[in-house]
Amino acid sequence: MHLQTEAADRTTAAPLGGRVPAEWRPIERVDGTHLSYEDFLARYMHPCRPVVISNVAPQWAAMRSWTPAHFKQRFGSKPVAIGYGRDMPFDQFIDEVVASTPEAPGPYMYRSFLHEVLPELLPDVIPQNKFCFPRRYASPLMPEKWRRPDGYLKLLVGGVGSKFPVMHFDGENAHAAITQIYGDKEFVMFAPEDGQYLYPKKFFPNHSMVDDPTLMDLDRYPLLAKATQYRTVLKPGDMIFVPAQWWHAARALSTSISVCTNMLDASNWDGFIADVAQAEREKMPAFRLQLLTGYLRVLGKVLTAVESFQARSPKLARTLVLPRVITPASADVAPEPSRRQLNIRIPTA
């Protein structure tokens with residue numbers, strides 16, 4: 001079922017150059033100062049329902065200091081990862097971001113994982129945004145390749161007109177949370193059941209061939225007319241929760257700086273196992289893949305039981321210590337992942 005909202009559908013007026021402006025619905029918004037983590041899990045994460053949460057991470061130094069000028073001065077010509085296989089000197093990248101326009105968009109950074117390449121920034125994102133807690137990624141029982149207490153924390157930077165290179169949903173069946181720090185960024189989303197109308201790529205089924213969902217080219221992509229689009233604009237202090245398999249794209253409305261994390265728990269665990277099996281099928285022998293998927297299925301049952309126990313008896317779980325070590329239930333009981341650089345022995349693919 002599509003996400004329901006109280007607001008009416010919205011659209012802009014006339015076709016532009018053969019493209020049709022898309023009708024869209026707003027994404028629900030809530031104030032983070034009045035939303036508990038438990039309510040976030042029950043109302044949004046477990047039912048896989050998108051939401052924008054305002055007033056998050058007010059303690060972050062990043063909210064006060066991260067600007068294009070700050071990054072340029074702090075990092076100078078240090079090489080930084082922008083996209084797959086593409087590095088640039090940080091100061092050159094910032095210059096191109098600031099000069100970006102809709103007619104000549106600059107580069108968009110989406111592959112800089114802080115613990116791996118920019119550990120200098122970690123103190124600026126403490127304490128962890130409670131709504132971005134990675135949950136099962138933080139469990140010491142996770143296989144090392146997918147054990148990420150930071151939730152794959154990465155930096156996203158772009159200028160006016162620049163955008164994430166493809167409309168997609170995240171791999172590993174992961175939930176995503178993007179916290180806006182500087183500038184404004186627009187998000188466009190579609191529910192999983194509308195994926196059939198978004199022209200998934202043959203060899204990358206989580207990537208869409210549609211280049212611009214806001215101005216729909218119905219001559220090339222006529223099925224787009226059947227999809228229901230959701231849209232929002234993030235401002236500093238806003239966080240958007242993107243559930244697993246929800247298609248999304250983002251573009252900067254001004255110079256934009258944000259961070260992204262991924263989350264994993266019982267609500268997306270089965271899909272995680274399926275994605276891992278698909279990704280590893282050609283990388284390991286069949287018997288090893290069976291062992292891996294069998295371990296993950298058993299681990300899922302164990303973690304579900306321990307998580308349920310912590311939810312039912314939080315005081316006892318804290319007293320016993322072991323449950324929150326096996327699978328910490330929230331940022332309140334987990335070690336702060338950004339107090340020191342993690343030892344990431346298997347780099348992010």
Side-chain angles (χ1 to χ4, degrees), residues 36-49 113-116 127-154 169-179 206 239 241-246 259-280 289 291-314 317-318 320-338 342-346 348-349:
S36 71
Y37 183 62
E38 292 73 23
D39 283 346
F40 166 70
L41 294 178
R43 291 166 55 185
Y44 304 107
M45 189 164 172
H46 292 164
C48 295
R49 181 184 177 92
F113 296 89
L114 299 193
H115 281 271
E116 295 179 44
Q128 188 172 31
N129 177 356
K130 66 180 181 181
F131 302 114
C132 296
F133 182 60
R135 297 184 68 77
R136 291 186 178 181
Y137 281 122
S139 171
L141 301 181
M142 284 288 287
E144 185 178 20
K145 184 173 181 178
W146 299 278
R147 191 187 312 141
R148 290 298 298 247
D150 65 319
Y152 295 95
L153 176 66
K154 66 179 176 180
F169 60 85
D170 283 22
E172 297 183 358
N173 202 52
H175 301 310
I178 298 88
T179 304
N206 66 321
M239 183 206 95
F241 170 63
V242 182
Q245 297 191 30
W246 273 74
V259 292
C260 176
T261 52
N262 287 118
M263 297 172 285
L264 181 64
D265 76 345
S267 64
N268 55 337
W269 185 256
D270 288 345
F272 166 74
I273 296 176
D275 270 20
V276 165
Q278 180 66 31
E280 300 296 316
L289 184 60
L291 288 175
L292 173 62
T293 55
Y295 174 79
L296 290 174
R297 291 190 188 98
V298 173
L299 178 60
K301 295 181 185 300
V302 171
L303 297 183
T304 295
V306 176
E307 289 161 356
S308 297
F309 170 67
Q310 291 180 87
R312 293 193 311 269
S313 308
R318 291 194 184 209
L320 294 177
V321 178
L322 185 60
R324 58 188 170 93
V325 171
I326 291 175
T327 178
S330 69
D332 291 337
V333 299
E336 169 56 63
S338 295
L342 299 175
N343 179 24
I344 307 295
R345 295 199 314 116
I346 303 177
T348 307

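D332 CG to F133 CZ: the interatomic distance, rounded to the nearest 0.5 Å, is 9.5 Å. A distance of 5.0 Å separates OG1 of T327 from CG of L303, quoted to the nearest 0.5 Å. The distance from the NZ atom of K154 to the CZ atom of F113 is 4.5 Å, given to the nearest 0.5 Å. With values rounded to the nearest 0.5 angstrom, D150 atom CG is found 4.5 Å from H115 atom NE2. With rounding to the nearest 0.5 Å, the separation of OG in S36 from NZ in K130 is 6.5 Å. Remark: I273 CD1 to L296 CG distance equals 5.0 Å, nearest 0.5 Å.
Applying the side chain to side chain donor-acceptor pair (under 3.5 Å) test to pairs two or more places apart or on separate chains, those with a residue in residues 295-306 are R136-T304.
In this structure, F131 has its ring center closer than 6.0 angstrom to the ring center of F40.
Remark: side-chain polar atoms of R135 are not paired, donor with acceptor, to backbone N or O of P328 under 3.5 angstrom. One N or O on the side chain of N173 and one on the backbone of N268 form a donor-acceptor pair closer than 3.5 Å. Remark: the backbone N or O of G171 is not paired with any side-chain donor or acceptor of N262 at under 3.5 angstrom. Put simply, the side chain of Q310 never gets that close to the backbone of S330: no donor and acceptor are under 3.5 Å apart. Side chain of S139 to backbone of I326: a donor-acceptor contact under 3.5 angstrom is found.
Listed here is the closest heavy atom pair of F309 and P323: CE2-CG, 3.8 Å. Nearest heavy atoms, V325 versus P140: O-CD, 3.1 Å. Heavy-atom minimum distance, P134 versus P149: CG-O, 3.2 Å. Residue A331 comes nearest to Q128 through the heavy atom pair CB-OE1, 3.8 Å, listed as atom of the first residue, atom of the second, then distance.
Listed by chain and number, the residues in a side chain to side chain donor-acceptor pair (under 3.5 Å) with D275 amount to none (sequence neighbours excluded). Applying the side chain to side chain donor-acceptor pair (under 3.5 Å) criterion to E116, with sequence neighbours excluded, gives R148, T348. For S267, the side chain to side chain donor-acceptor pair (under 3.5 Å) test picks out H175, D265, with sequence neighbours left out. Partners of K145 by salt bridge (Lys or Arg N to Asp or Glu O under 4.0 Å), not counting sequence neighbours, listed by chain and number: E280. Remark: Y137 engages Y152 in a ring pair (Phe, Tyr, Trp, His ring centres under 6.0 Å) (not counting sequence neighbours).
With contacts defined as side-chain heavy-atom distances shorter than 4.5 Å, the pair P337/L153 does not qualify. No side-chain heavy atom of E172 sits less than 4.5 Å from a side-chain heavy atom of L264.
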Next item on the list: Decide yes or no on side-chain contact (heavy atoms from CB on, under 4.5 Å) for M142 and L299, but give the supporting numbers first.
Entry: CA-CA 8 Å; M142 284 288 287; L299 178 60; 4.1 Å; yes
Next item on the list: Start with the C-alpha gap between V242 and D170, add the side-chain angles, then the distance that decides, and say whether side-chain contact (heavy atoms from CB on, under 4.5 Å) holds.
Entry: CA-CA 9 Å; V242 182; D170 283 22; over 6 Å; no
